[in-house]
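Each ligand, and each atom within it, is numbered from 1 in the order the structure gives. Values below: every heavy atom of this structure, side chains too, minus hydrogens, waters and symmetry copies.
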Amino acid sequence: MALRAWMVALGCCMSWGITGVAFAATATAQVTVQVDRPGAVIHREIYGQFAEQLGRGIDEGIWVGEGSPIANVHGFRKDVVDALKAIHVPVIRWPGGCYADEYRWRDGIGPRAKRPVRANYSWGGEEHNAVGTHEFMDFAELVGAQAYLAANMGTGSPREMSDWLEYLTGDGQTDLARERRANGRAKPWKVAYLGIGNESWGCGGHMRGVYYADQYRQYATFARALGGQTLVKVASGANADDYAWTEAVMAGAAEQIDAFGVHYYTLPSGDWKHKGSAVAFGEDAWIATLKAALHIDELIARHSAIMDKYDPARRITLAVDEWGTWYDTEPGASALYQQNSLRDAMVAAVTLGIFHAHAERVRMANIAQMVNVLQAMILTDKGRMVLTPTYHVFDLYQVFQDATSLPAQVRADDYVHDGVRVPGLFATAARGTDGAVHVALVNPDPTRALRVALALPGWKAGKVSGRVLSAPKIDAINTFERPDAVKPVAFDGATVGSDGVVAVSMPAKAIVVLELR
Ligand code: AHR
């Protein structure tokens, strides 16, 4: 059930002020959710995150050290840990990104004061290795997330990778297992996912697909976890629409691959040299960004189709292990730091809906990134922390973790601005693990409210409740001074009619998540 399949045009009506000037356009739309036709499970791992060793993403953003005046748990900011726990982050990818292919795991074990300082060739600055294997794995445990480690193929070796895994997972008396214990961790850790190379077509070594497939086979042979652990091995997938890469890697290594990554970033301009600003943008940039974000639907469909040729049973996960918005970094800001507005919330909401629609194949994803980097969940400034609009979408959408997807058809007029056209309403629905039916509706139009008739044939809801995320302006942001400018509030605009149809009054530029019981 791809995006295009659930978008069908329908006429709309406008309400006019008595002067004849439109004061609040309202259109109608219809959504049909087929509760009696459950689809694939939405794996909670699609709500995963990515934390790379760069800028203030980890140092300052997550890690402040045990001696910091900022409240911390074993050196990790308590406010950040608590906020992440609250949204049940299922999996965290670390230490990169591009940095993974220059990372030496031995730099990050043993006494912190003695750890080497390395240049970060990918992103600038220096890495002091305060957060190494023990710290990251402890952090993942604190948050309650599974660990997705990215192994170094670009400058490392199968030997280094295999030693790292033995150090992490060894439960016997090998030297590496004993070294881990001597460094303070008695029990082996569980490593859920292992990335083998990152963007190996680019920063990870500028390899060609055929060469990478052979390299992958070699590394995968020696990527073993001990103690009977199952390790999901993730191949470095394509850059956006590089279908030739997917073809070459699947043809050469499908049997050894458990998950295949795809990276896609949303740029308002589509131009890497002038991506566009994170703040103070107009409606042109708003709609261009949404349109660019929607392209991920086609990417997933086409990469999946290639995977289907080599893996018709869909054993291999398509892991969108980097996604999100990428704007121009403001002068003076730390590497890849950007603000996060209502527009980012829209991008997150429609992207997660697309993942739901492809739940059968997309079973893991990692938004880039967790704190202070790109489309972050959280921004920090010394002792202060702010939750971004994107965080609030991950909060609202928690109900979809491990839920069973339900087909949702939308009939709505497109939203058109200056010749650019996107669907006028997005819907995604699922039966939650709590038994309720959850429906998320996204109205991307900044000026047009929507009256939505939500039909659930064959099922009747007794009651409906919900929450809504919106703001007065499209570029509304949360700042350290006004941290709650964009945050979800209770939604009372939905009622169940005697015929079972739910009438929803959706504000403009809004994300509504309904719970039906
Ligand atoms: O997320 C930032 C960077 O984007 C990652 O390091 C890299 O994999 C991608 O190009």
Test of ring centre spacing under 6.0 Å for H88 and Y47: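 No.
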Aromatic ring pairing Y265/W326, orientation class (parallel under 30°, perpendicular over 60°, tilted between): perpendicular
NZ or CZ of R159 within 45° of F222 ring axis and under 6.0 Å: no
Under-4.0 Å salt bridge between D271 and K273: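 K273 and D271: not salt-bridged.
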Close side-chain approach of Y337 and E330, heavy atoms under 4.5 Å: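 They are not in contact (no side-chain heavy atoms under 4.5 Å apart), so the answer is no.
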Straight-line distance of T390 OG1 to L374 CG, nearest 0.5 Å: 11.0 Å
Those protein residues which place at least one heavy atom below 4.0 Å from ligand 1: F50, E52, G97, C98, W123, N198, E199, Y265, E322, W326, L336, Q369, L374
